[in-house]
Trainee: 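Let me give you the structure first, and then I'll get to my questions.
Below, read A as the first sequence line, B as the second, and so on, with proteins coming before strands; counting in each chain starts at 1. This is a predicted model, so every value here is computed, not measured. Side chains are part of it too, since the values below use all heavy atoms of this structure and drop only hydrogens, waters and symmetry mates.
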Amino acid sequence: MSGYEPKSIESRWQAVWAEEGTWEVPNPGEPGFDAAKPKAYVCEMLPYPSGEPHVGHLKCYAVGDAIAHFRRRQGFQVVHPMGYDAFGLPAENNAIKTGEPPRVATERSIESFRRQFQEWGVSIDWSREIATHKPEYYRWTQWIFLQLFEHGLAYRTEAPVQWCPKDATVLANEQVIDGRCERCGTEVIQKNLEQWFFRITDYADRLLEDFDALESWPEHVITMQRNWIGRSEGAEVVFRNTEVDLDFPVFTTRPDTLFGATFFVLAPEHPQLEKLVAGTPAKAAVREYVDRVGRESVEERGAEDREKTGVPLGRSVVNPVNGEEIPMFVADYVLMEYGTGAIMAVPGHDSRDYDFAKKFDLPVRRVIEGVDPEAPGDADGLPFTGDGPMVNSGRFDGRNNRDAYAAMIEWLKEEGRGETAVNYRLRDWLLSRQRYWGAPIPIVYCDECGTVPVPEDQLPVELPEIEDYAPHGRSPLAAATDWVTTECPKCGGAARRETDTMDTFVDSSWYYIRYLDPHNAEAPFSKEAAAYWMPVDQYIGGVEHAILHLMYARFVVKALADLGHLAVPEPFANLFTQGMITRDGAKMSKSRGNTVSPAEYVERYGADTSRTYVCFMGPPERGGDWSDEGVEGVNRFLARLWRLCDEVVERTAADAWAGDDDAPAAGRLAAGEGDARALAAKAHWSIDKATHDFERGFQFNTVIAAVMELVNDAYRLKDGLYGDPTGDAALRFATATAASLIFPFAPHLGAEVYERLTGERVWERPWPVADAAMLVSDTVEIVVQVNGKLRDRIEAPAAAGQDAVLTLAKDSDKVARHLDGKQIVKEIFVPGKLVNLVVR
RNA sequence: GCCGGAGUGGCGGAAUUGGCAUACGCGAUCGACUCAAAAUCGAUUGCCCUUGCGGGCUUGUGGGUUCGAGUCCCACCUCCGGCACCA
């Protein structure tokens with residue numbers, strides 16, 4: 001006998017899988033492709049290679065690999081690829097600090113990730129490996145940009161954008177968290193800059209509608225995206241200023257409160273502001289106010305409980321529903337980015353407008369009856385945001401505001417002063433970055449021809465090597481004059497290249513399609529390969545990508561589908577988001593010193609223990625706190641299985657049981673009795689439980705618990721079973737079954753134990769199927785309750801009917817004691833389970 | 001404020017359809033093996049009362065439905081996550 005030595009076991013099987021390319025799968029039309037098998041595309045979010053993998057990676061790939069193994073053995077053709085999201089800011093910031101080129105640091109990190117994934121024994125098809133910073137990959141990222149450009153889905157415009165002063169780059173709205181840069185935490189400021197955008201807003205409705213096309217996504221992720229898109233239905237209503245003769249459309253979700261509008265507010269960035277106050281006494285105050293707001297950070301301006309501020313314009317607009325002139329203001333609580341940058345203010349029924357009205361002593365008018373019991377408001381019960389009968393609303397008086405809603409819009413339409421409108425919170429995707437380490441935007445500027453796309457046959461536009469990575473308010477690429485200077489593809493004249501690079505979310509928006517045809521030099525992917533494998537059947541990753549990556553990927557797939565390159569509307573049919581692992585109850589961070597290095601645990605306990613532990617901690621969608629004792633518990637279990645195998649191999653006849661399809665042994669076990677049958681039955685119970693929990697989703701902790709129970713039973717019973725042919729068969733069967741079921745989590749140990757017992761490779765064996773006959777027994781335990789309280793458990797024949805079981809139940813002393821002197825008023829019988837006697 | 005999720009032993013967690021609450025693991029206690037320790041194997045382990053037999057209580061709180069509720073309904077409390085001056 002020898003102890004459990006994960007190192008030698010693990011390296012042995014890793015060598016087999018690497019040499020034989022065990023996890024490689026062919027595409028349709030390639031040698032070895034099996035058209036009869038259904039396909040399953042299992043994909044974990046690709047890692048961002050920075051430093052070394054952390055426990056979050058371990059968990060993600062352990063979970064994904066368990067699913068991949070389970071599906072393979074259920075007869076699916078599984079593609080399970082891997083790649084690296086190699087462009088991005090951290091590598092570049094490191095370069096600025098150390099002078100080491102981003103490529104060098106990134107590729108070193110990729111090496112480390114690849115080596116560790118192999119040491120973890122993850123079943124990856126390495127022939128499909130990609131990295132987004134390689135020209136053969138980003139060439140096609142550029143191609144996708146050009147496709148979108150040519151179809152009007154990519155455009156360049158000057159816009160107020162979020163700018164991070166520290167990273168010296170613009171950010172997407174999605175990358176600004178609480179007014180701070182997602183990467184470095186610096187407060188962002190607004191700047192007007194020429195930037196590239198993708199027209200994701202064109203897809204707002206389809207991004208919402210197609211949630212229905214998904215098979216299984218976590219509800220909260222869908223909700224987050226729904227909120228982010230922020231679709232609101234309402235009306236656009238035009239208010240007119242007669243003094244300078246300008247129309248001011250506003251968007252409102254409450255046209256029913258139009259009669260309650262008592263003033264009108266423009267955002268400080270509103271383009272008509274200048275014209276309105278030009279040459280008026282208000283001009284100086286307005287300019288001063290606008291300047292002050294402009295200097296404030298996004299965070300300051302968005303702060304909670306911020307006092308309302310603003311300046312009157314000395315102008316007014318006409319309320320189209322009643323002809324009233326209402327005064328105009330500029331105030332920073334109105335945002336230029338949303339709606340039209342102007343609002344009608346209804347202080348009686350909107351708390352923000354109410355606050356402003358109080359501050360500036362403006363009239364507050366009630367147009368809907370009612371008082372909000374939660375927030376009673378002032379002496380008149382205003383503001384009131386609920387529903388009720390309308391008042392002070394002319395011909396609408398007396399009608400419920402909800403009923404009058406449509407009629408109001410209809411009436412506005414007839415008057416030519418408004419119409420139905422839909423607004424979104426979603427903004428277009430700002431994708432240009434003034435940074436070096438990204439895919440260059442394939443655009444050339446020519447004095448004659450303007451903005452010219454680089455022709456497809458000139459791709460990739462390669463990222464040049466440079467010396468100075470620091471941004472100086474423009475992309476570091478701008479300093480590479482030789483590279484910037486080029487000739488116009490259209491006229492051949494002098495031209496310069498676009499020096500901005502693409503947001504890394506563009507790189508990662510389509511990588512899962514490239515996996516399907518990673519070496520294609522003619523196209524980003526073959527339509528056939530994509531048609532066969534897409535969509536991803538199971539996508540796995542952290543919930544931190546709930547909005548950004550997942551929405552961008554959905555957009556890109558929809559756009560590619562519209563342009564005829566793809567046949568699916570959605571990239572990911574099923575999404576699983578794993579919870580975060582903490583240490584000592586806190587998020588792991590280097591500064592806190594509570595990080596867990598997977599490499600260290602793999603070294604000490606082996607990959608099988610580390611992987612099985614992260615799957616056993618609890619439901620993987622929830623987070624969990626890392627515990628060294630927990631790791632040891634799992635290690636103990638795997639070592640127990642190992643020693644069981646050792647002993648069983650040594651002490652039982654080699655031919656007692658020869659594998660899953662060993663019919664004579666199975667028959668003998670089914671016919672057997674006593675402990676041998678009990679252990680065989682337990683093995684079938686484990687198969688049933690494991691299969692069921694796998695199919696239900698990601699109940700890995702209970703799958704592993706079921707295998708632990710099986711191993712525990714084998715230990716309890718083994719000494720009485722050795723030497724008897726049926727006992728030997730039961731032990732071999734139970735041990736091999738434990739190995740087979742634990743294989744998706746502990747592939748090396750699973751393979752080793754299974755091979756020692758059967759001579760077979762477990763991954764080539766189908767997932768076991770429980771024998772229904774072994775799941776039932778002749779007798780059942782019946783719970784006996786009196787008035788719903790448990791009083792006894794009795795053995796009864798499985799076939800016994802109600803009368804027989806009730807008689808048995810009443811015969812029990814423990815039950816009889818509680819029936820004494822009472823009258824049975826009701827008898828409940830649940831076959832095979834329970835009896836409840838109701839007494840008085 | 002809005003949206004989403006969760007409250008079960010000392011801890012992580014389990015409990016298919018309303019039917020044995022606390023599976024499995026950790027921790028703890030005891031025993032076997034050992035000169036001893038580690039490792040291993042075995043037993044016990046929700047709380048309270050009781051020498052014992054046994055009894056009572058228990059799934060965040062309060063109510064309800066039911067023969068029977070962790071599970072269903074109503075009200076509330078707490079915690080976590082996301083969004084938030086979005087008209």
Trainee: Given that both distances must come in under 3.5 Å, which nucleotide forms a Watson-Crick or G-U wobble pair with B:U66?
Mentor: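 By the stated definition (distances under 3.5 Å), nothing pairs with B:U66.
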Trainee: Of the listed nucleotides (B:G19, B:A87, B:U16), which one gets closest to any side-chain atom of A:His692?
Mentor: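 The nucleotide sitting nearest to the side chain is B:U16.
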Trainee: OP1, OP2 of B:C67 versus side-chain N and O of A:Asn787: anything below 4.0 Å?
Mentor: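 A:Asn787 to B:C67 OP1/OP2: no side-chain N or O under 4.0 Å.
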Trainee: If you measure from the P atom in B:G27 to the same atom in B:C33, how many Å do you get, rounded?
Mentor: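 Roughly 24 Å separates the two P atoms.
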Trainee: Using a 4.0 Å heavy-atom cut-off across all strands, classify A:Gly633 as base, sugar-phosphate, or nothing.
Mentor: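 The residue A:Gly633 makes sugar-phosphate contact but no base contact.
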Trainee: Is the shortest side-chain N/O distance from A:Arg425 to OP1 or OP2 of B:A84 below 4.0 Å?
Mentor: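 Indeed, a polar side-chain atom of A:Arg425 lies that close.
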Trainee: Figure out the CG/P separation between A:Asp628 and B:G12, and round it to whole Å.
Mentor: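 After rounding, the reported distance stands at 17 Å.
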Trainee: Would you say A:Arg636 reaches B:C41's phosphate, i.e. side-chain N/O to OP1/OP2 under 4.0 Å?
Mentor: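 Looking at the OP1 and OP2 atoms of B:C41, neither is under 4.0 Å from any side-chain N or O of A:Arg636.
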Trainee: Using 30° and 60° as the class boundaries, would you call the ring planes of A:Phe264 and A:Phe239 parallel, tilted or perpendicular?
Mentor: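 Plane angle between 30° and 60°, so tilted.
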Trainee: Determine the interatomic distance between C1' on B:G10 and the same-named atom on B:U17; round to the nearest Å.
Mentor: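 My reading of the C1' atoms in B:G10 and B:U17 gives 34 Å.
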Trainee: How is A:Tyr715 classified with respect to the nucleic acid when contacts are heavy atoms under 4.0 Å: base, sugar-phosphate, or nothing?
Mentor: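 The residue A:Tyr715 makes sugar-phosphate contact but no base contact.
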Trainee: Reckon A:Val838 touches a base, only the sugar-phosphate, or nothing at all at heavy-atom distances under 4.0 Å?
Mentor: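 Contact class for A:Val838: sugar-phosphate only.
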Trainee: Tell me which of A:Arg254 and A:Leu790 sits closer to the 5' end of RNA chain B, going by the nucleotide each one is nearest to.
Mentor: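 The residue whose closest nucleotide sits nearer the 5' end is A:Leu790.
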Trainee: What integer distance in Å separates A:Glu337:CD from B:A84:C1'?
Mentor: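 The answer, rounded to whole Å, is 14 Å.
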Trainee: Could you tell me how the ring of A:His549 sits relative to the ring of A:His545: parallel (under 30°), tilted (30 to 60°) or perpendicular (over 60°)?
Mentor: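 Rings of A:His549 and A:His545: perpendicular, over 60°.
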Trainee: Nearest of B:C67, B:G27, B:G25 to any side-chain atom of A:Glu629?
Mentor: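 Nearest to the side-chain atoms of A:Glu629, counting from C-beta on, is B:G27.
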Trainee: So for atom NZ, which belongs to A:Lys359, do other residues, nucleotides or ligands contribute more than 12 heavy atoms lying within a distance under 6.0 Å?
Mentor: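 Yes, enclosed.
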Trainee: Out of B:A14, B:A84, B:A87, which has the shortest distance to the side chain of A:Leu335?
Mentor: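 When the side chain of A:Leu335 is considered, B:A87 is the closest of B:A14, B:A84, B:A87.
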Trainee: So do the side chains of A:Val265 and A:Phe263 get within less than 4.5 Å of each other, counting heavy atoms only?
Mentor: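 A:Val265 reaches A:Phe263 side chain to side chain.
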Trainee: In whole Å, what is the span from the CG atom of A:Leu834 to the P atom of B:A69?
Mentor: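 These atoms are roughly 12 Å apart.
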Trainee: A:Phe700 CZ to B:A14 C1': how many Å, rounded?
Mentor: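 One finds 17 Å between C1' of B:A14 and CZ of A:Phe700, rounded.
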Trainee: Could you tell me how far B:G13 sits from B:G62 if I compare only their P atoms? Round to whole Å.
Mentor: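 It works out to 24 Å between them.
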Trainee: Quick check with a 6.0 Å cut-off and a 45 degree axis cone: is A:Arg611 positioned over the face of A:Phe745's six-membered ring?
Mentor: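 Ring-cation test returns no.
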Trainee: May I ask you to evaluate whether A:Ser232 reaches the phosphate of B:A87, defined as a side-chain N or O under 4.0 Å from OP1 or OP2?
Mentor: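 Yes, because at least one side-chain N or O of A:Ser232 sits under 4.0 Å from OP1 or OP2 of B:A87.
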Trainee: Between A:Phe698 and A:Asp693, is any pair of side-chain heavy atoms under 4.5 Å apart?
Mentor: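 When only atoms from C-beta onward are counted, A:Asp693 and A:Phe698 do not touch, as no gap falls below 4.5 Å.
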Trainee: Among the candidates B:G19, B:G4, B:A87, find the nucleotide nearest to the side-chain atoms of A:His220.
Mentor: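 Output: B:G4.
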Trainee: Between the base of B:C67 and the side chain of A:Asn836, is there any donor-acceptor pair under 3.5 Å?
Mentor: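 Result: at least one qualifying N/O pair found.
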Trainee: For RNA chain B, whose closest nucleotide is more 5', that of A:Tyr333 or that of A:Arg696?
Mentor: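 The 5'-side residue here is A:Arg696.
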Trainee: Taking the side chain of A:Pro619 as heavy atoms from C-beta outward, which of B:C67, B:G13, B:C24 is closest to it?
Mentor: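 Of all the options, the side chain of A:Pro619 is nearest to B:G13.
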Trainee: With rounding to the closest Å, how many angstrom separate the P atoms on B:G60 and B:C53?
Mentor: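 These two P atoms come out 31 Å apart once rounded.
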Trainee: For a quick check of understanding: with a heavy-atom distance under 4.0 Å over all strands, which category does A:Glu781 fall into, base, sugar-phosphate or nothing?
Mentor: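 Base contact.
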Trainee: Considering only atom P, compute the distance from B:A14 to B:C72 and round it to an integer number of Å.
Mentor: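 Each nucleotide's P atom is 16 Å from the other's.
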Trainee: Taking only the P atom of each, what is the distance from B:U59 to B:G52 in whole angstrom?
Mentor: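 Nearest-Å result for B:U59 against B:G52 at atom P: 26 Å.
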Trainee: B:U22 and B:U58: how far apart are their P atoms, nearest whole angstrom?
Mentor: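 Between the two P atoms, the distance is 15 Å.
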Trainee: Quick check on B:C41: is either OP1 or OP2 less than 4.0 Å from any side-chain nitrogen or oxygen of A:Arg643?
Mentor: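 Yes, because at least one side-chain N or O of A:Arg643 sits under 4.0 Å from OP1 or OP2 of B:C41.
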Trainee: Where the side chain of A:Asn712 is defined as all heavy atoms beyond and including C-beta, which of B:G25, B:G42, B:A23 is the nearest nucleotide?
Mentor: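 The answer is B:G25.
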Trainee: Under 3.5 Å, which protein N or O atoms sit close to an N or O of nucleotides 47-56 of chain B? Give each pair with its distance.
Mentor:
from	atom 1	to	atom 2	distance (Å)
B:G55	OP1	A:His818	NE2	3.1
B:G56	OP2	A:Arg791	NH1	3.2

Trainee: Rounded to the Å, how far apart are A:Glu296 CD and B:C85 P?
Mentor: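 It is 14 Å, rounded to the nearest whole Å.
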Trainee: May I ask you to check if A:Arg640 and A:Phe637 form a cation-pi contact, with NZ or CZ under 6.0 angstrom from the six-membered ring centre and within 45° of the axis?
Mentor: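 Judged by the rule (NZ or CZ under 6.0 Å from the ring centre, within 45° of its axis), A:Arg640 is not positioned above A:Phe637.
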Trainee: Once rounded to the nearest 0.5 Å, what's the spacing between atom CD1 of A:Ile200 and atom OH of A:Tyr424?
Mentor: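 It is 12.5 Å, given to the nearest 0.5 Å.
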Trainee: Regarding A:Arg640, tell me which of base, sugar-phosphate or nothing describes its non-hydrogen contacts under 4.0 Å with the strands shown.
Mentor: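 Sugar-phosphate contact only - A:Arg640 comes under 4.0 Å of backbone atoms but never of a base.
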Trainee: Please state whether the rings of A:Tyr4 and A:Trp642 are parallel, tilted or perpendicular, taking 30° and 60° as the class boundaries.
Mentor: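 Correct class here is tilted.
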Trainee: Checking all strands, does A:Ser627 fall into the base, sugar-phosphate, or nothing category for heavy-atom contacts under 4.0 angstrom?
Mentor: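 Counting heavy atoms under 4.0 Å across all strands, no contact is made by A:Ser627.
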Trainee: Touch check for A:Val221, heavy atoms < 4.0 angstrom, all strands: base, sugar-phosphate only, or nothing?
Mentor: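 Since no nucleic acid heavy atom lies under 4.0 Å of A:Val221, the category is nothing.
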Trainee: Which whole number of Å gives the distance between the C1' atom of B:C24 and that of B:C35?
Mentor: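 Comparing C1' positions in B:C24 and B:C35 gives a spacing of 37 Å.
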Trainee: Quick check for you: to the nearest 0.5 Å, what is the distance between A:Leu266 atom CG and A:Gln272 atom CD?
Mentor: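 Reported value, rounded in 0.5 Å steps: 9.0 Å.
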Trainee: In whole Å, what is the span from the CE atom of A:Met708 to the P atom of B:C26?
Mentor: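 From A:Met708 CE to B:C26 P: 7 Å.
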Trainee: Roughly, in whole Å, what's the span from OH in A:Tyr4 to C1' in B:A39?
Mentor: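 Rounding to the nearest Å, OH of A:Tyr4 and C1' of B:A39 are 16 Å apart.
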